[in-house]
Protein chains: 2
Amino acid sequence: MDRTDDSLIALRRILRATELYERDLASAAGVTPAKLRVMQIVQMKGGTTTPKALATQMGVSQATITGLVDKLVKEGMVNRAQSSMDRRQINVVLSEKGEATLDRAPDALQQRFVREFERLEDWEQAQLLSSLERVAAMLDARDIDASPVLTVGALDHDKRAN
Amino acid sequence: MDRTDDSLIALRRILRATELYERDLASAAGVTPAKLRVMQIVQMKGGTTTPKALATQMGVSQATITGLVDKLVKEGMVNRAQSSMDRRQINVVLSEKGEATLDRAPDALQQRFVREFERLEDWEQAQLLSSLERVAAMLDARDIDASPVLTVGALDHDKRAN
DNA sequence: CATTATCCTTAGGCAAGCGAAAATACAGGG
DNA sequence: CCCTGTATTTTCGCTTGCCTAAGGATAATG
């Protein structure tokens, strides 16, 4: 009865399912996960942010952000605007098309998980939550800034806009 | 009710922690995550498997496996050997160096998770396991094609036939 | 046999990531 | 002012991981 192994297997299934599902979503929606993430962060920040902030939030280099924003601009999802405060900075601004896309393409994991989760009994939800948080704490021990965006978007009540 | 949100947040933390940790580990051990995964699967299968099995297990195309195995061969981690049963098949065999590397670079998830998990009380382990399996089942249902995601521009369905 | 199916590789392409270094802008000290 | 240091972003060149499409061999089957 190797519970440790079984837990690991379950964990991996979770990881893998998410990964595969996101890929599907991306190819179907024409929006890749990374670009979606960028847009979601911009939205969360009130429709405009700097590349620097995006890089920090996503745990990625600025060069990467530049590339992603380039593509998003080319696709008309966001625009770049000079900041008037500090002209070194650029504001990444969500376009109407970008917002529309966000509305239509909610996070894959969310959709699926939420649907199932909310069908559960009250006590089951409580237990799952507690277990997930437990596991997250176990894995997340290092000081990673892990409060990624995709968490709250489709649910509408966003009380955690950090 | 915020339990749904909180669960999603926990899930994200798990995913992100894993991802970042694996990246770190890989760069420290000189093995990339994908290659490490290949080696781990080979090891799990008893030291030898076919590319086909790897592709299936990893949810990836065979061409991708070919590329990964190419690199692993170049690095001396695995070898290719003709199968005598079916000469279309190739066996991917872990080399000594490969095994040594695996020993030195144990699985990220395992390392971290196992350590913590085994410190838990018996009943806690049981609960975690049950919850994880539950979540895995929720996400892992293979009825993805029937999911509501992307009723929008869903032009291309099974891209993932393979 | 001749087909068809299976397994693998080749070739070419795209997305996402990185580090290094350039370009620009602010901020102070002298 | 100018000089230097620092911050922000972009550019460039590269790597990794993944894909599809198109073979090449080798079974399996009619």
Side-chain angles (χ1 to χ4, degrees), chain A residues 16 19-39 48-75 77-93, chain B residues 16 19-20 22-39 48-75 77-93 156-162:
Chain A
R16 178 184 144 88
E19 185 186 318
L20 292 182
Y21 197 60
E22 273 198 344
R23 254 192 263 156
D24 280 358
L25 173 79
S27 80
V31 190
T32 62
K35 285 187 280 186
L36 196 55
R37 227 146 55 216
V38 168
M39 288 196 289
T48 170
T49 337
T50 64
K52 172 73 172 180
L54 285 167
T56 303
Q57 180 100 34
M58 288 178 61
V60 127
S61 78
Q62 288 191 204
T64 300
I65 297 296
T66 297
L68 291 173
V69 172
D70 278 354
K71 284 175 206 151
L72 285 171
V73 167
K74 208 171 296 173
E75 294 164 11
M77 295 299 191
V78 305
N79 296 299
R80 277 191 243 246
Q82 284 276 351
S83 160
S84 48
M85 297 289 95
D86 182 337
R87 269 184 311 212
R88 286 169 305 185
Q89 285 187 178
I90 293 285
N91 286 317
V92 178
V93 185
Chain B
R16 183 184 161 82
E19 185 190 317
L20 291 183
E22 274 198 343
R23 274 216 298 253
D24 282 2
L25 176 83
S27 80
V31 191
T32 64
K35 287 188 279 186
L36 195 56
R37 244 179 299 153
V38 168
M39 287 198 288
T48 169
T49 339
T50 64
K52 171 72 171 181
L54 285 166
T56 303
Q57 179 100 27
M58 290 178 60
V60 128
S61 76
Q62 284 188 210
T64 299
I65 297 295
T66 297
L68 291 172
V69 171
D70 278 355
K71 284 175 205 150
L72 285 171
V73 167
K74 207 171 297 174
E75 293 163 10
M77 296 298 190
V78 303
N79 296 299
R80 277 192 243 247
Q82 284 276 350
S83 160
S84 46
M85 299 288 97
D86 181 337
R87 268 185 312 206
R88 286 169 307 182
Q89 284 186 181
I90 295 284
N91 285 316
V92 179
V93 185
D156 35 22
H157 272 269
D158 39 332
K159 286 238 164 156
R160 172 132 300 110
N162 216 35

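The chains referred to below are lettered A, B, ... by the order of the sequence lines, with proteins before strands, and numbering in each begins at 1.
Dashed line: the shortest gap from a side-chain N or O of B:T64 to OP1 or OP2 of D:dC18 is not under 4.0 Å. Using a 4.0 Å cut-off, no side-chain N or O of A:R87 falls inside it from OP1 or OP2 of D:dT8. Listed pair A:T32 / C:dA16 meets the phosphate criterion, a side-chain N or O lying under 4.0 Å from OP1 or OP2. Residue B:T66 has no polar side-chain atom (N or O) positioned under 4.0 Å from OP1 or OP2 of C:dC8. Considering only side-chain N and O atoms, A:S61 lies under 4.0 angstrom from the phosphate OP1 or OP2 of C:dC18. In this model, the phosphate group of C:dG17 is approached by a side-chain N or O of A:R37 to a distance below 4.0 Å at OP1 or OP2.
In this structure, CG of A:L54 is placed 12 Å from P of C:dG17, rounded to the nearest angstrom. Counting to the nearest Å, the C1' atom of D:dT15 and the CG atom of B:D70 are 15 Å from each other. For the pair A:L68 CG and D:dT9 P, the computed distance is 14 Å after rounding to whole Å. Following rounding to the nearest Å, A:M58 (CE) and C:dA16 (P) show an atom-to-atom distance of 9 Å. A:I65 places its CD1 atom 10 Å from the C1' atom of C:dG17, with the value rounded to the nearest Å. In this structure, A:K74 places its NZ atom 12 Å from C1' of C:dA15, rounding to the nearest Å. Atoms CG (B:D86) and C1' (C:dC7) sit 7 Å apart, rounded to a whole Å. What separates CD1 of A:I90 from C1' of D:dT11 is a distance of 14 Å, to the nearest Å.
Between the CD1 atom of B:I90 and the OG1 atom of B:T66 there is a distance of 9.5 Å, given to the nearest 0.5 Å. Atom-to-atom distance recorded for B:L36:CG and B:L68:CG is 11.5 Å, nearest 0.5 angstrom. Note that the CD atom of A:Q57 and the CZ atom of A:R37 stand 11.0 Å from one another [nearest 0.5 Å].
In terms of heavy-atom proximity, A:Q82 sits nearest to A:R87 at OE1-O, 3.2 Å.
Of the two residues near DNA chain C, A:M85 and A:K71, the one whose nearest nucleotide lies more 5' is A:K71.
If you check every strand for non-hydrogen atoms under 4.0 Å, A:Q62 touches a base. Residue contacts for A:A63: at a heavy-atom cut-off of 4.0 Å it reaches a base atom on one of the strands shown.
Side-chain atoms of B:N91 do not come within 3.5 Å of backbone N or O of B:V93 as any donor-acceptor pair.
Of the candidates D:dG17, D:dT8, C:dA16, the closest approach to any side-chain atom of B:K35 belongs to D:dG17.
Evaluation of atom-type donor-acceptor distances gives a pair under 3.5 Å for the side chain of B:R88 against the base of C:dT6.
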